[in-house]
Protein chains: 2
Amino acid sequence: MFSKTCKYAIRAVIFIAHKSADGSRVGIKEIAKGIDSPEHFIAKILQDLGKRGLVQSLKGPNGGFYLDEVSKKHTLADVVEAIDGDGIFTGCALGLKQCSEIKPCPLHSKFKTIREQLQIMLGSVTVENFNDELNAGISYLRRN
Amino acid sequence: MFSKTCKYAIRAVIFIAHKSADGSRVGIKEIAKGIDSPEHFIAKILQDLGKRGLVQSLKGPNGGFYLDEVSKKHTLADVVEAIDGDGIFTGCALGLKQCSEIKPCPLHSKFKTIREQLQIMLGSVTVENFNDELNAGISYLRRN
DNA sequence: TTAATAAAAGATATTTTTATCTTTTATTTT
DNA sequence: AAAATAAAAGATAAAAATATCTTTTATTAA
């Protein structure tokens with residue numbers, strides 16, 4: 001469904017939202033451990049998300065990643081689109097470039113519904129929406 | 001959503017169902033052209049689907065691929081599962097192996113609905129279900 | 001029973017994705 | 001200012017997915 005890169009990205013932004021909710025920053029090592037990802041790989045991903053303004057960071061002691069007021073309100077759809085592009089929301093299920101309402105692939109209409117639901121779902125939750133349940137230990141971002 | 005291999009596979013079986021509905025066989029070259037795929041690559045995929053009993057084939061003159069009565073009734077879910085496995089139906093959206101009802105990832109419950117709908121949708125159409133609309137030129141398997 | 005046809009099988013190549021390692025730059029603290 | 005910290009950037013490597021090429025086997029038709 002999502003690329004591995006995208007899965008790491010989603011887990012990371014939710015983790016950062018959670019850990020930096022108190023105004024502090026969270027380092028790359030803690031993030032990597034907290035979401036079970038390769039440290040250097042998630043570093044690259046966050047670098048990319050940083051350039052796109054989806055996460056913020058500061059170098060040096062007490063530095064790390066955090067989210068400003070705008071970033072906290074970004075939806076998971078924003079994250080997915082930043083990493084994987086909008087193919088999952090708009091592309092043809094069978095990979096046909098010219099597939100559209102007028103020249104639909106056999107699955108077109110049936111798939112449309114599902115894609116839309118996915119987009120609505122991902123568009124309706126912000127990265128900080130999970131803070132409470134993570135605090136309460138109701139959901140998890142790693143094997144734990 | 002699906003791997004490229006899986007997209008080719010779905011297109012191919014629908015194409016074969018369509019072209020062999022009259023009892024004839026359809027060659028690999030015609031299939032490759034008919035679904036816009038690399039010839040040797042789709043050959044490999046069909047070889048695999050053949051071993052799994054999802055398509056039938058005959059070598060030699062007048063040979064080619066076709067579907068027996070059982071294969072015609074296979075659903076697209078069967079094809080997807082044969083190629084990509086059941087990860088898309090059962091796996092965690094965030095790639096967490098231990099994600100489950102008792103240790104859910106943040107997206108678990110919201111995703112469940114969508115995965116189920118996808119499975120129901122793909123499980124409710126057989127590969128031959130599209131023959132009529134393909135004949136009528138209402139849907140397409142290549143740029144055309 | 002030979003030639004032609006077409007898929008199966010095996011080997012290799014290319015591209016993309018995922019992962020790692022090293023060096024540089026920015027920031028803070030002493 | 002110097003030392004320590006931590007991300008940014010750049011380079012390289014490994015693995016997986018996608019694609020191509022060649023040889024073999026089965027089948028048919030002449």
Side-chain angles (χ1 to χ4, degrees), chain A residues 1-13 15-16 19-20 24-67 80 83-85 87-88 94-95, chain B residues 1-13 15-16 19-20 24-68 80 82-85 87-88 94-95:
Chain A
M1 188 83 95
F2 307 129
S3 69
K4 216 165 172 185
T5 301
C6 190
K7 290 172 184 171
Y8 286 146
I10 296 172
R11 276 148 66 185
V13 293
F15 184 80
I16 295 168
K19 289 291 183 178
S20 71
S24 67
R25 271 139 257 145
V26 53
I28 197 70
K29 280 183 185 138
E30 189 179 350
I31 296 171
K33 278 177 194 159
I35 68 170
D36 265 328
S37 76
E39 184 182 322
H40 290 100
F41 191 43
I42 193 62
K44 283 288 175 210
I45 297 169
L46 288 174
Q47 214 171 297
D48 186 23
L49 288 176
K51 283 176 191 154
R52 295 169 189 275
L54 290 176
V55 301
Q56 284 67 45
S57 65
L58 271 179
K59 291 181 180 180
N62 294 316
F65 292 87
Y66 64 99
L67 302 182
V80 170
I83 302 292
D84 280 351
I88 198 168
L94 300 186
Chain B
M1 189 82 97
F2 307 129
S3 70
K4 218 166 170 183
T5 301
C6 190
K7 291 172 185 171
Y8 287 145
I10 297 171
R11 276 148 67 185
V13 292
F15 184 80
I16 295 169
K19 289 292 183 177
S20 71
S24 66
R25 273 140 254 143
V26 52
I28 198 70
K29 280 183 186 138
E30 189 179 350
I31 296 171
K33 279 178 194 159
I35 68 170
D36 264 328
S37 75
E39 184 182 322
H40 290 100
F41 192 44
I42 192 63
K44 283 287 175 210
I45 298 168
L46 289 174
Q47 215 171 297
D48 186 22
L49 288 176
K51 284 176 191 155
R52 295 168 187 276
L54 290 175
V55 301
Q56 283 68 45
S57 66
L58 271 180
K59 291 181 180 180
N62 294 316
F65 292 87
Y66 64 99
L67 303 180
D68 63 22
V80 169
I83 301 292
D84 280 351
I88 198 167
L94 300 186

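Every residue two or more places apart in sequence or in another chain that forms a side chain to side chain contact (heavy atoms under 4.5 Å, CB included) with A:T5 is listed here: A:S3, A:F41, A:I45, A:I83. Contacts of B:K7 classified as side chain to side chain contact (heavy atoms under 4.5 Å, CB included), with partners at least two apart in sequence or in another chain: B:F2.
In this structure, the CG atom of B:D84 is 8 Å from the P atom of D:dT18, given to the nearest Å. The CZ-C1' distance, from A:R25 to D:dT5, rounds to 13 Å in whole Å. Per the geometry, CD belonging to A:E39 stands 13 Å off C1' belonging to D:dT5, to the nearest Å. Distance, B:K29 NZ to D:dT20 P: 15 Å, rounded to whole Å. The CD1 atom of B:I83 sits 12 Å away from the P atom of D:dA17 (whole-angstrom rounding).
Scanning DNA chain C 5' to 3' for nucleotides with an atom closer than 4.0 angstrom to a non-hydrogen atom of chain A gives a first and last hit of C:dT18 to C:dT29.
Here the shortest heavy-atom pairing between A:A9 and A:L49 reads CB-CD1, 4.1 Å. Across every non-hydrogen atom of B:I28 and B:A43, the tightest pair is CD1-CA, 3.6 Å. The two residues B:I16 and B:L67 make their nearest non-hydrogen contact at CG2-CG, 3.9 Å.
Nucleic acid contact for A:K44: base, since at least one base atom lies under 4.0 Å from a heavy atom of the residue. Across all strands shown, B:G50 has no heavy atoms under 4.0 Å from either base or sugar-phosphate atoms.
At a threshold of 4.5 Å between non-hydrogen side-chain atoms, the residues B:E30 and B:F15 count as touching. Looking only at side-chain heavy atoms (C-beta outward), A:V13 and A:V55 come within less than 4.5 Å of each other. Counting only heavy atoms from C-beta outward, the side chains of A:I42 and A:L46 approach each other to under 4.5 Å.
For the segment residues 2-11 of chain B, residues with any heavy atom less than 4.0 angstrom from an atom of DNA chain D are, sorted by number, B:S3, B:K4, B:T5, B:Y8. Of the residues in residues 54-63 of chain B, those lying under 4.0 Å from DNA chain D by heavy-atom distance are B:K59, B:G60, B:P61, B:N62.
In this structure a side-chain-to-backbone donor-acceptor pair under 3.5 Å is missing from A:S24 to A:S20.
For the side chain to side chain donor-acceptor pair (under 3.5 Å) condition, the pairs that include at least one residue of residues 33-50 of chain B, sequence neighbours left out, are B:D36-B:R143, B:D48-B:R52.
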For residues 56-65 of chain B, dump all side-chain donor-acceptor pairs below 3.5 Å to protein atoms at least two apart in sequence or in another chain.
{"from": "B:Q56", "atom 1": "OE1", "to": "B:D68", "atom 2": "N", "distance (Å)": "2.9"}
{"from": "B:Q56", "atom 1": "OE1", "to": "B:S71", "atom 2": "OG", "distance (Å)": "3.0"}
{"from": "B:Q56", "atom 1": "NE2", "to": "B:D68", "atom 2": "OD2", "distance (Å)": "3.3"}
{"from": "B:Q56", "atom 1": "NE2", "to": "B:S71", "atom 2": "OG", "distance (Å)": "3.1"}

